[in-house]
Amino acid sequence: MRRIAKTILVAGVLAGLTLQPVYGAGQFPGAAGTETGRREATRVIRVGDGDGSGGSGGQEASSSQGASQDGNGSQRAGDITDAVAWADQAAQTVADALDQAVMDPAFQEAMAQAAAAEAEALAAANAAAQAAAAGAIRELDPTKPMIALTYDDGPQSSVGNRIMDVMNLYGGKCTFFMVGERVPSHAAEVQRMVNEGFEVANHTQDHKYLNRLGAAEIRSQVEACNNTIQSVCGVRPTLMRLPGGNKNATVLANVGMPVILWNVDTLDWKTRNAQSTISSVLGKVKDGDIILMHELYSATADATERLVPALVSQGFQLVTVSELAHYKGIPLNAGQIYNRIP
């Protein structure tokens, strides 16, 4: 700290000496008010008759000027030495004062409080920004029934865009549980999900059954998927679904996210038949249900295009999982399983 202060002070003094090499009687710049800084200087250079031209007057002026410059050189060297000494003493005073201020417990407590407040504000801002970007919570009618349509294994643009089209047409939203390795190839679709208020969620990076993996591999699968999705659309998922729903104690202890399963399985992956999918939902779902479908099949898009208007006509609000939890007042905790949200 002392070295920094000294450097600044000396630089200021030397700058003054460099910019003003000739003075009248008085103080040299940068050391006003100090004993060592007060110098009487007689530095008036005579140049003969004023135009410096020809004759002995010109030679005398030249000779006098040379002598004066030699004198000034010695004087400047002394001034610089004194300036450095003065700056060294002043820098020490400044450094001591700063050290004393920094060591003051009140100062340290104030700085710690400021840092904590800044970190808290930043965390809150990040959480709010992520929720807003994900379109997590819309204004809905909590007195009317809600169900969450969810789609696994995507993204698949040819299917997902059709799902979003019909959802938007009828004021619905849904949740997409995506496989991380597929996301970069469907970046525009994933960005559309976020832009239009659909929920992006985690379905592991490579669709591996996590109950067959160790703790480190489980964490890696979940983290890699979150990172991939965030890198493409700017939103980090807050929910995840286990491939196949397969779980054990190691899985639940290491996923680090709420685990969203389902209570209505359409088996669309097996039948790949739109009518079969529709029949598994209509007349069977109720408030708080989570319905499982898959984004990979055109038959699922066909079914969704018929299901959405039918469900809306029956009075259901089609919501994301996070919306469902919010309006039902159910907290979603890491490592906990949710099959439905009543």
So Lys173 and Glu323, salt bridge (Lys or Arg N to Asp or Glu O under 4.0 Å) or not? Walk me through it. CA-CA 9 Å; Lys173 299 299 175 186; Glu323 287 175 334; over 6 Å; no
Taking the side chain as every heavy atom from C-beta outward, state whether Ile147 and Val319 have any pair of such atoms under 4.5 Å apart. no
Considering only heavy atoms from C-beta outward, does the side chain of Val308 approach that of Phe316 to under 4.5 Å? no
Test side-chain contact (heavy atoms from CB on, under 4.5 Å) on Tyr170 and Leu311 and set out the steps. CA-CA 10 Å; Tyr170 289 90; Leu311 290 168; over 6 Å; no
dist Leu213:CG -> Thr250:OG1 (nearest 0.5 Å) comes out at 10.5 Å
Short side-chain donor-acceptor distance under 3.5 Å, Thr204 and Tyr209: no
Over all atoms of both residues, closest heavy-atom pair of Pro258 and Thr238: CD-O, 3.2 Å
Quick one: does Glu295's side chain have a donor or acceptor within less than 3.5 Å of a partner on Tyr151's backbone? no
Any Lys/Arg nitrogen of Arg182 or Asp206 sitting under 4.0 Å from an Asp/Glu carboxylate oxygen of the other? no
From CD1 (Ile260) to OG1 (Thr175), nearest 0.5 Å: 8.5 Å
Any donor-acceptor pair under 3.5 Å from Lys208 side chain to Pro243 backbone: no
Roughly how far, to the nearest 0.5 Å, is CD of Gln275 from CG of Leu282? 8.5 Å
With Asn226, the side-chain contact (heavy atoms from CB on, under 4.5 Å) member among Val200, Val235, Asn202: Asn202
Suppose we screen for side chain to side chain contact (heavy atoms under 4.5 Å, CB included). Which residues come up paired with Trp262, at least two apart in sequence or across chains? Arg241, Asp265, Ile290, Leu292
Under a plain distance cut-off of 3.5 Å, with no hydrogens placed, do Asn195 and Gln191 share a side-chain donor-acceptor pair? no
Thr300 and His294 side chains, donor-acceptor separation under 3.5 Å: no
CG-CD1 distance between Leu210 and Ile218, expressed to the nearest 0.5 angstrom: 5.5 Å
Go through Val255 and Leu242 one step at a time and tell me if the side-chain contact (heavy atoms from CB on, under 4.5 Å) criterion holds. CA-CA 9 Å; Val255 290; Leu242 307 172; 4.2 Å; yes
Side-chain H-bond candidate by donor/acceptor type, Glu189 with Asn161, under 3.5 Å: no
Same cluster or not: are Val166 and Tyr297 linked, directly or through other Ile, Leu, Val, Met, Phe, Trp or Tyr residues, by side-chain heavy atoms under 4.5 angstrom apart? no
Rounded at 0.5 Å granularity, tell me how far OG in Ser220 sits from CG in Asn227. 9.5 Å
Using side-chain heavy atoms (C-beta onward) and a distance below 4.5 Å, is Asn168 in contact with Phe198? yes
Same apolar cluster (I L V M F W Y, side chains within < 4.5 Å links), Leu267/Leu307: no
Look only at the side chain of Asp153 and the backbone of Leu296, and say whether a donor-acceptor pair between them is shorter than 3.5 Å. no
Are the side chains of Val259 and Met240 in contact, using a 4.5 Å heavy-atom criterion? yes
Working for side-chain contact (heavy atoms from CB on, under 4.5 Å), residues Glu199 and Val321: CA-CA 8 Å; Glu199 185 166 30; Val321 172; 3.9 Å; yes
Rounded to the nearest 0.5 angstrom, the CD1-NE2 distance for Ile341 and His326 is 12.5 Å
Side-chain donor or acceptor of Ser276 paired with backbone N/O of Arg272 under 3.5 Å: no
Do Thr304 and Met293 have side-chain heavy atoms sitting under 4.5 Å apart? yes
From the list Lys144, Lys328, Arg340, salt bridge (Lys or Arg N to Asp or Glu O under 4.0 Å) with Asp287 holds only for Lys328
Under the salt bridge (Lys or Arg N to Asp or Glu O under 4.0 Å) rule, what do Arg219 and Glu223 come out as? Steps first, then yes or no, please. CA-CA 6 Å; Arg219 292 193 296 268; Glu223 185 75 5; over 6 Å; no
Apply side chain to side chain donor-acceptor pair (under 3.5 Å) to residues Asn246 and Arg212 and explain how you reach the verdict. CA-CA 9 Å; Asn246 296 328; Arg212 301 176 182 175; over 6 Å; no
Are the side chains of Val190 and Phe176 in contact, using a 4.5 Å heavy-atom criterion? no
Find out if a path of hydrophobic residues (ILVMFWY) with successive side-chain heavy-atom gaps under 4.5 Å connects Val159 to Trp269. no
Find out if a path of hydrophobic residues (ILVMFWY) with successive side-chain heavy-atom gaps under 4.5 Å connects Val179 to Met164. no
Can you tell me if Asn263 and Asn339 form a side-chain donor-acceptor pair at under 3.5 Å? no
Yes or no on side-chain contact (heavy atoms from CB on, under 4.5 Å) for Cys174 and Leu318, after CA distance, side-chain angles and deciding distance? CA-CA 7 Å; Cys174 63; Leu318 306 181; over 6 Å; no
Are there more than 12 heavy atoms of other residues, nucleotides or ligands under 6.0 Å from atom NZ of Lys270? no
When you check the side-chain N and O atoms of Thr277 and Asp268, is any donor under 3.5 Å from an acceptor? no
Students often mix this up, so state it plainly: with edges at 30° and 60°, are the rings of His207 and His203 parallel, tilted or perpendicular? perpendicular
Arg162 vs Asp302, salt bridge (Lys or Arg N to Asp or Glu O under 4.0 Å): CA-CA, chis, key distance, verdict: CA-CA 9 Å; Arg162 289 176 62 190; Asp302 295 337; 2.5 Å; yes
